[in-house]
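These notes concern the structure reproduced below.
As a basis for the values below, the full set of heavy atoms in this structure was taken, side chains included, without hydrogen atoms, waters or symmetry mates.
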Amino acid sequence: MAAFAQGWFVGNRYAFDYDPTAEGILRTIKQPIGSFANIKYGVNATASFLDNNLNLTAQVAQIRNYDGEPFNQNHSFIYWHARIRYYLKNWNFSLAYISDNADTEGRTNGFWTKNKNDWQLSISWVGGNWNVKTNIINMTRWNWRSGSRKMHSQYYSVNELIYNGSSHALIQISATYTFGYGKKVQNDNEPYVSGNASSGILK
């Protein structure tokens, strides 16, 4: 297990602001304007069983965001993901789940974006130079909505729904073949020879 944390703070930022005029709402960039802070922290965990043939990975994290003038917003969101992978000779199987998650789009525009959860089942076979893989993604979801996007200020606000194909039910099948070409280089002296060989593979 491992804990992590990262964050940043801006006290003299520039940001978009919206002012009413006779012709409509005027968007300008102002500086200095309210401060901005963003922090993420959480825990990663990994476990292996059955001679490393069964692997489990997971993460739980929280994001906290303060967005001062002109947006005056506080956000807090907990999200997580987990994956189980099993190796059986030339086959490997994995099941992954990513919870719904959210984050700020940056310090200037005040947007807070939320994405829906995702899950994926993968089945792969590797033999010789061939790799065949099937991904079964979000097969319980049959709509095109993937998330939402919001921004609020005194004179102008945005509330959008996002539709695309990234969260819709999907099956992907791929087959790749890897072949070697060019000069062969030893991986123990790769830093010294990589500049001399125009192409190469490691052995």
Checklist entry - For Phe49, which residues count as a ring pair (Phe, Tyr, Trp, His ring centres under 6.0 Å) partner, sequence neighbours excluded? => result none
Next on the checklist: Does this structure show an ion pair linking Arg27 with Asp19, if we count only N-O contacts that are shorter than 4.0 Å?
Outcome noted: no
Next on the checklist: Tyr79: which residues meet the ring pair (Phe, Tyr, Trp, His ring centres under 6.0 Å) condition with it, sequence neighbours left out?
Outcome noted: none
Checklist outcome for this item: Applying side chain to side chain contact (heavy atoms under 4.5 Å, CB included) to Asn90 and not counting sequence neighbours gives Trp125
Checklist entry - Hey, mind stepping through Asp103 and Lys40 against side-chain contact (heavy atoms from CB on, under 4.5 Å) and telling me if it holds? => result CA-CA 10 Å; Asp103 204 347; Lys40 299 178 184 178; 2.8 Å; yes
Checklist entry - Any side-chain heavy-atom pair from Thr28 and Phe16 closer than 4.5 angstrom? => result no
Item to check | Backbone of Asn72 reached by a side-chain donor or acceptor of Asp67 within 3.5 Å | outcome: no
Item to check | Pairs flagged by ring-ring contact (aromatic ring centres under 6.0 Å, His included) wherever residues 18-40 is involved - sequence neighbours left out | outcome: Trp8-Phe36, Tyr18-Tyr156
Residues 161-170, side-chain donor-acceptor partners within the protein, below 3.5 Å, at least two apart:
from	atom 1	to	atom 2	distance (Å)
Asn164	OD1	Ser146	OG	3.4
Asn164	OD1	Ser166	N	3.0
Asn164	OD1	Ser166	OG	2.6
Asn164	ND2	Ser146	OG	3.3

Checklist entry - So which heavy atom on Trp112 is nearest to which on Lys114, and how close? => result NE1-CG, 3.9 Å
Checklist entry - Asn65 side chain to Ala37 main-chain N or O, any donor-acceptor pair under 3.5 Å? => result yes
Checklist entry - Between the main-chain N or O of Asn12 and the side-chain N or O of Gln31, is there a donor-acceptor pair closer than 3.5 Å? => result yes
Item to check | Partners meeting ring pair (Phe, Tyr, Trp, His ring centres under 6.0 Å) with Trp80 (sequence neighbours left out) | outcome: Tyr97
Next on the checklist: Heavy-atom count check: over 12 atoms from other residues, nucleotides or ligands less than 6.0 Å from Phe9 CZ?
Outcome noted: yes
Checklist entry - After noting the C-alpha distance and the side-chain angles of Tyr86 and Asn53, does the key distance pass the side-chain contact (heavy atoms from CB on, under 4.5 Å) rule? => result CA-CA 6 Å; Tyr86 181 67; Asn53 288 319; 4.3 Å; yes
Checklist entry - Salt bridge or not for Asp100 and Lys116, using N-O below 4.0 Å? => result no
